[in-house]
Asker: 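The structure that follows is given in the form of structure tokens.
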Amino acid sequence: MLWFGGDYNPEQWPEPVWDEDVRLMAEAGVNLVSVGIFAWATVEPRPGEYDFGWFDRVLDKLAGAGVGASLATMTASPPPWLAARHPETLPQRADGVRLWPGGRQQYCPSSPVYREHAARLVERIAERYGAHPALKLWHIGNEYGCHVRQCWCDVSAADFRRWLRERYGDLDGLNAAWSTTFWSQRYGDWDEIQPPRTAPTFVNPAQKLDFARFSDDALLACYALERDIVRRYTPDVPVTTNFIGLVHKPVDSFRWAREQDVVSLDSYPDPYDPRAHVEAAFGYDLVRAARGGQPWLLMEQAPSAVNWRERNAPKPPGVMRLWSWQAIAQGADAALFFQWRQAAGGAEKFHSAMVPHAGPDSRGFRDVRALGAELGGLAGVAGTRLRADVAIVHDWANWWALESDARPAVLDLLETHRAHYEPLFDAHVSVDVVPVDADLSGYKLVVVPNLYLLADGAAQRLTSYVEGGGHLVVSFFTGIVDECDRVHLGGYPAPLRRVLGLAVEEFHPLPPGGSAEFDGGRGTVWSEWVEPEGAEVVAAFRGGALDGRPAITRHAYGTGVAWYLATRPEPAAMRALLDRVRAGAGAGPVLAGLPEGVQATVRTGPGHSYLFLLNHGAEPATVNLPEPGADLLTDPERPQSTVTLPPRGVAVIRR
Ligand code: GAL
């Protein structure tokens with residue numbers, strides 16, 4: 001079964017509305033709602049005083065209507081009494097400013113007081129509802145690190161010191177890891193160490209990197225505390241927490257994914273952006289790969305407009321359907337929304353919902369109902385999986401380190417990923433976005449966009465991958481530092497020099513908007529002084545200080561090939577290059593001859609597979625099928641050999 005539904009906040013409505021809710025849910029084919037996410041203040045109005053009666057009735061009504069609950073642990077936003085009684089639970093920014101109640105998520109992740117109150121509540125919830133027939137999934141917290149990504153308060157400072165002691169054992173280890181002989185930063189006592197608070201100038205980058213790791217761990221500890229409680233009561237009910245789309249810097253989704261039974265993602269592409277679906281696709285390819293291809297859940301998306309951009313575009317007719325199917329096509333087993341009924345008050349009243357202010361007799365609700373019916377008819381898709389020949393490597397520690405201060409140039413990792421991902425997406429190639437420790441052996445091509453921080457072990461794995469016949473593309477400023485942000489000495493990029501067959505002597509980042517000509521194209525962002533050491537020069541820079549020096553190289557190594565990009569080719573040149581690399585690696589598109597703007601994926605299960613065709617373009621598109629197949633959405637009985645998709649059209653062909 002594919003899950004269909006959304007966040008449901010009945011506490012915002014009088015009880016008679018709940019009856020209409022479940023009636024409309026049944027009408028729309030809703031089978032799962034995330035319930036209770038922000039209900040803490042309602043179920044525990046005063047510390048230790050609980051009011052669950054109303055929530056019992058909500059869950060009973062849902063169960064009665066055949067709607068499952070993705071049951072929240074209700075700890076995403078503490079009630080105001082917590083801060084009033086325990087002000088030290090409030091988070092603090094790097095500049096010392098406290099973040100007060102009045103919004104949401106105002107808790108310090110390291111706070112033992114917050115954790116204790118959260119744990120007590122979760123215990124009550126798990127005890128009370130563990131056997132409830134509506135319970136299908138545990139929804140722990142909500143978007144960890146959405147607003148409070150890191151906390152610099154004294155409680156966090158003490159927790160950071162504990163974390164550092166565990167990591168380094170003694171101060172000598174820490175001083176070495178943080179290169180503290182620089183700028184007189186040497187620590188003689190643990191209590192001298194602070195989180196990287198606002199300082200006169202650049203804060204020690206290794207300290208910042210460890211603080212990012214620590215902060216991620218602190219959030220993960222909050223999650224794990226609650227997960228362990230619900231698992232004690234219901235070992236068989238799967239547990240998730242929703243990641244913020246599309247990739248969220250403070251939270252290492254790869255690490256978190258290992259701590260969940262199923263991963264879920266919130267996705268809010270901007271309808272004003274004609275390429276929004278490509279950015280979304282990257283996030284979906286990552287979240288799917290985070291648990292080795294296991295189906296994931298699209299936990300939130302907007303039925304139409306959000307309310308938190310400067311200008312909030314509604315989704316034009318067809319886009320809500322198309323983008324829901326896109327998530328399914330990329331491996332999701334759920335298309336869920338924020339939220340069920342549009343709020344009348346509060347900060348999100350202009351955020352769209354499945355039941356809009358206009359009521360059920362509206363374009364919005366009719367579209368929701370139609371989508372529910374379609375998804376209900378394609379239950380067989382659930383559990384099927386995608387296969388990709390190409391992997392792009394993403395790593396959170398690298399992200400934190402790369403975007404720290406005082407680099408040769410400010411580099412934006414997501415933009416870098418996009419530059420490498422888009423040409424593959426446009427060429428209709430399936431991609432997995434994988435962690436640096438992933439098993440690469442099944443991929444024909446591995447792309448490493450900008451892996452500045454690279455541990456020796458990871459470099460060795462990339463080298464072995466090529467040795468064993470893999471094709472590798474590495475972009476500039478990769479393999480520069482170790483886990484402590486210390487340069488790998490011996491010539492850049494020391495741990496990859498052998499496999500790439502070159503050395504980089506000097507970085508020549510390009511001025512803002514500047515470019516560098518090379519044979520067959522133009523580079524942007526960066527250039528550098530490369531000395532080949534066995535690599536073949538595929539293209540050289542033309543003009544300027546680097547005239548005649550390598551811009552793109554190719555190195556046959558072992559039984560594989562390693563390519564190197566000393567600049568960022570402009571989109572057309574990047575596409576041509578990756579097409580060429582793919583041809584050599586034998587990594588083809590999902591389907592030959594697909595028109596531009598059409599996304600295609602295949603999900604396969606035992607004995608059957610589904611070909612998804614999605615037209616993201618503004619013109620109709622015709623796709624020739626390799627063998628006749630029926631479109632399960634429009635004409636399930638009639639096999640066709642060509643499918644014509646209207647703009648924003650979707651077809652699901654069973655094979
Ligand atoms: C998410 C959040 C939801 C809601 C939504 C609005 O970040 O989890 O609670 O605020 O955004 O787009």
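If you read the sequence from its start, that first residue is 1, and numbering goes on from there. Read the numbers this way: they start at 1 and go in the same order the structure lists the ligands and their atoms.
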Asker: Under the rule for ring pair (Phe, Tyr, Trp, His ring centres under 6.0 Å), what residues qualify as partners of Phe4, not counting sequence neighbours?
Answerer: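 Per chain and number, Phe4 pairs via ring pair (Phe, Tyr, Trp, His ring centres under 6.0 Å) with no residue.
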
Asker: Who pairs with Glu27 by side chain to side chain donor-acceptor pair (under 3.5 Å), at least two apart in sequence or on another chain?
Answerer: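 Testing Glu27 for side chain to side chain donor-acceptor pair (under 3.5 Å), a comparison that skips the adjacent residues, returns Arg369.
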
Asker: May I ask you to establish whether Arg341 and Trp13 are in a cation-pi arrangement, using a distance under 6.0 Å from NZ or CZ to the six-membered ring centre and at most 45° from the ring axis?
Answerer: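 Yes, Arg341 sits over the ring of Trp13.
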
Asker: Show me, by chain and number, every protein residue that has a heavy-atom distance under 4.0 Å to ligand 1.
Answerer: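 Those residues closer than 4.0 Å to ligand 1 by some heavy atom are Phe38, Arg104, Asn142, Glu143, Asp266, Tyr268, Glu300, Trp308, Phe338, Glu348, His351.
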
Asker: Which residues satisfy the salt bridge (charged side-chain N to carboxylate O under 4.0 Å, His left out) test with Glu116, sequence neighbours excluded?
Answerer: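 Per chain and number, Glu116 pairs via salt bridge (charged side-chain N to carboxylate O under 4.0 Å, His left out) with no residue.
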
Asker: Can you label the angle between the Tyr284 ring and the Trp296 ring as parallel, tilted or perpendicular, going by 30° and 60°?
Answerer: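 Tyr284 vs Trp296 ring planes: tilted.
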
Asker: Below 30° counts as parallel, above 60° as perpendicular, anything between as tilted: where do the rings of Trp325 and Phe612 land?
Answerer: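 Taking Phe612 first and then Trp325, their aromatic rings sit tilted (interplane angle of 30° to 60°).
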
